[in-house]
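Positions are given from 1 along the sequence. Atom set for the values below is all heavy atoms of this structure, side chains included, hydrogens, waters and symmetry mates excluded.
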Amino acid sequence: MKILVAREAGFCMGVKRALELAVGRAATAPGEVLTWGPLIHNPQVVELLRTHGVDSALGYSDLGPGKTVFISAHGISPAERERIKETGVRLCDASCPDVVKVQAVIRRHAAAGYATVIFGDAGHTEVRGLLGFAEGRGYVVDSQEDIEKLPELEKVLLVSQTTRPRDGYEQVARAAREKFRNLVVARTICASTLRRQEELAEILERAEALVVVGGANSANTARLTAIARERGVPAYQVETAEELPLEELENYRAVGVTAGASTPNWLIQGVVERLKERAHEKSPAPVRQFFRLSRILVKINALVALGAASLSLFTMLMIGTHPVFNLSALAFAFFATQSIYILNVFADRKALMINAPHRYSLYRRRRGALLVLAGGEGILALALAASLGIPAALLGGLVFAAACFYIFPLIPGRPLRRFKDSAHLRELLPSLGWVAITVLFPLVTAERITSPGAVFLAVFFVLVISLVRSILFGLRDLQGDRLLGRGTIPVLLGRGRSKILIVALLGLLLIFTTLYLAATGWGGYPALAIYPVAAYILTYFFLFRRRIVFEGLFWEVLVDCQFILGPLGAGLVRLGMAACGKGPFG
């Protein structure tokens with residue numbers, strides 16, 4: 001079964017804005033924070049908002065002085081806004097900017113004597129709000145047949161609900177032009193909806209069935225389902241991966257996945273990963289076992305741990321230490337990294353549930369076994385460090401102590417509960433941890449060092465690629481991190497500046513590598529491996545920007561392979577030089 005995922009699926013701009021406003025205000029506003037009805041039509045997100053202290057007001061009796069009330073992304077009528085203000089609340093407008101534009105168009109034309117005809121769902125929150133701007137001369141139609149039922153009107157403005165299908169709006173507009181001589185047709189379907197509909201059309205040409213992810217009460221999600229069925233493609237609307245009709249879907253060779261504008265990325269990702277797992281379950285036994293084992297190893301951070309051992313190898317090649325004489329340092333890097341990463345996952349389960357649902361299920365089911373694994377590897381790593389002498393033992397103990405201070409609460413109940421809750425330390429401290437494990441540890445256990453320049457370049461190389469990894473994962477998890485109130489670099493800088501920062505860091509790395517090679521000549525030839533690593537990162541960064549590969553386990557493998565590529569290249573260079581009788585191993 002082939003999975004075709006819509007790149008435009010997930011939150012639209014207006015929904016993102018509303019959620020970020022609500023979460024941000026909940027953290028600072030005094031008193032109770034409410035939304036006027038559900039902020040968006042997705043029960044999972046509404047429940048998440050409750051954990052942030054943002055609840056839904058059921059009526060005017062829930063409002064009062066001292067409370068903060070958010071208008072949902074769908075907007076409300078002027079009369080409703082005034083009535084809410086009369087209760088004495090602090091009113092925050094989270095209306096989608098696209099909806100506000102439609103409201104302004106209706107208000108302007110209503111003042112000029114135009115009647116307003118709205119193509120939309122009469123019971124939808126957005127449409128009810130838009131009617132309030134029509135000064136009592138508003139009509140709602142759902143099809144071109146409804147146009148014929150309208151009374152004779154002298155001047156007419158035709159608008160559409162922002163999430164309606166373009167084809168349907170064009171049909172209604174043609175019928176309205178035939179009926180009304182003085183007609184203004186406004187383009188009010190939002191750009192995100194248009195892109196979503198265009199991509200859906202492309203997917204329906206290739207898919208035999210479609211899965212639509214979204215809330216059961218979401219009108220635009222239901223509309224995507226209806227569009228697919230109208231075109232003869234079986235469509236299944238689900239809220240979570242648990243609702244997937246897997247036995248039915250496995251009968252199709254290609255299944256498309258899309259989602260409504262109010263569906264968060266983590267729900268889409270969970271559905272996609274479950275479909276991929278089901279597809280692998282029908283593969284031949286050897287292939288199925290290979291994929292199953294590979295997915296488990298990635299989920300328990302074995303690939304990350306292997307990357308740490310590989311970077312330790314790179315440091316040894318840079319400073320002239322033969323890896324065979326320092327296998328304990330390589331083993332320390334592997335066990336220490338995997339232990340710390342597993343513990344970090346357990347300490348941040350809420351973020352894992354949102355940003356990596358494919359991993360969350362494994363950690364929930366195998367909690368005991370994974371905790372035993374993390375504890376055992378931590379003890380083994382400390383024992384290896386102790387066997388290498390006092391400096392190594394001290395550094396190993398410092399690494400684990402710093403990791404515990406970073407991951408776990410220091411003073412329960414205080415605003416700053418963990419170092420990782422600090423926006424300025426979230427990405428920097430883990431990168432410094434990578435440097436300590438993969439550069440400093442091999443240094444304190446090495447018999448000799450070829451040059452300080454090699455050490456500096458190794459430190460900078462590890463620092464850059466670990467920071468790039470953190471920023472990329474932060475970009476992938478940007479939606480969830482904002483909802484959780486996490487201060488990552490992408491949250492603080494924004495998506496555009498974070499991407500610029502990645503390119504700038506890689507640029508500096510290439511400059512320092514070139515200067516180092518120019519200063520040392522062939523004496524620093526293992527550093528040549530940094531060039532293909534930078535090229536590799538830029539390649540998958542391009543794939544990420546184009547949303548060709550941007551989430552899921554395959555994306556994690558693609559990113560974490562950068563830790564292995566550099567040491568592999570440096571090792572090949574060393575072996576080549578040794579075969580020619582050059583270098584310290586020749």
Under 3.5 Å: donor-acceptor pair, side chain of T188, backbone of S160: yes
V184 vs K155, side chain to side chain contact (heavy atoms under 4.5 Å, CB included): CA-CA, chis, key distance, verdict: CA-CA 8 Å; V184 175; K155 295 193 296 185; over 6 Å; no
R206 side chain to A254 backbone, donor-acceptor under 3.5 Å: no
Sub-4.5 Å side-chain heavy-atom contact between L244 and Y236: no
Contact check, side chains of E202 and L200, non-hydrogen atoms, under 4.5 Å: no
Shortest non-hydrogen contact from A176 toward L158: CB-CD2, 4.2 Å
Value rounded to 0.5 Å, distance of NZ in K499 from CG in L472: 10.0 Å
Main-chain N/O of D121 paired with Q161 side-chain donor or acceptor, under 3.5 Å: yes
Sidechain N-carboxylate O distance under 4.0 Å for D142, R164: yes
Step-by-step side chain to side chain contact (heavy atoms under 4.5 Å, CB included) determination, K2 to V255: CA-CA 6 Å; K2 185 177 181 181; V255 175; over 6 Å; no
Check: E239 side chain, A216 main-chain N or O, donor-acceptor pair, under 3.5 Å: yes
Geometric cation-pi criterion, R137 with Y114: 6.0 Å, 45°: no
Beyond-backbone contact of Y139 with V156, side-chain heavy atoms, under 4.5 angstrom: no
Interatomic distance, L505 atom CG to I500 atom CD1 [nearest 0.5 angstrom]: 12.0 Å
Main-chain N/O of L63 paired to E32 side chain as donor or acceptor, under 3.5 Å: no
Residues E126 and T162: side-chain donor-acceptor under 3.5 angstrom: yes
Heavy-atom closest contact (T116 atom, V159 atom, distance): CG2-CG2, 4.2 Å
Which atom of A186 lies closest to which atom of Y169, heavy atoms considered: O-OH, 2.7 Å
Main-chain N/O of G494 paired with S498 side-chain donor or acceptor, under 3.5 Å: yes
Distance, nearest 0.5 Å, that separates CZ of R497 from CD1 of I471: 14.0 Å
Ionic contact status for R295 with E273, cut-off 4.0 Å: yes
Shortest non-hydrogen separation from L131 to I118 and the atoms involved: CD2-CD1, 3.8 Å
Charged tip of R177 within 45° of F180 ring normal and under 6.0 Å: no
Atom pair NZ/SG of K101 and C190 - distance to nearest 0.5 Å: 10.0 Å
Salt bridge (Lys or Arg N to Asp or Glu O under 4.0 Å) assessment of K179 paired with E152: CA-CA 8 Å; K179 183 175 179 65; E152 293 298 326; 3.5 Å; yes
V464/V468 under side chain to side chain contact (heavy atoms under 4.5 Å, CB included): CA gap, chis, key distance, verdict: CA-CA 6 Å; V464 166; V468 166; 4.2 Å; yes
Lys/Arg N to Asp/Glu carboxylate O, R274 vs E242, below 4.0 Å: no
Side-chain heavy-atom pair I106, L130 within 4.5 angstrom cut-off: yes
F133 six-ring centre to R107 NZ/CZ under 6.0 Å and within 45° of normal: no
Closest contact, heavy atoms only, S95 versus V100: CB-CG2, 3.7 Å
CZ-CG distance between R278 and L249, expressed to the nearest 0.5 angstrom: 9.0 Å
Side chain to side chain contact (heavy atoms under 4.5 Å, CB included) between K67 and L34, worked out: CA-CA 7 Å; K67 297 181 179 181; L34 301 168; 4.0 Å; yes
Side chains of S77 and R81, donor plus acceptor under 3.5 Å: no
Side chain to side chain, C92 and I71, heavy atoms closer than 4.5 Å: no
Considering all heavy atoms, the nearest T221-G214 contact: CG2-CA, 3.6 Å
Main-chain N/O of I189 paired to T193 side chain as donor or acceptor, under 3.5 Å: no
CD1-OH distance between I84 and Y60, expressed to the nearest 0.5 angstrom: 5.5 Å
Heavy-atom side-chain contact between L506 and F541 under 4.5 Å: no
Trace of the side chain to side chain donor-acceptor pair (under 3.5 Å) decision for Q562 with Y540: CA-CA 10 Å; Q562 69 186 17; Y540 73 65; 2.3 Å; yes
Side chain to side chain, L224 and R196, heavy atoms closer than 4.5 Å: yes
4.5 Å side-chain heavy-atom contact, L275 and L246: yes
Side-chain (S470) to main-chain (S466) donor-acceptor, under 3.5 angstrom: yes
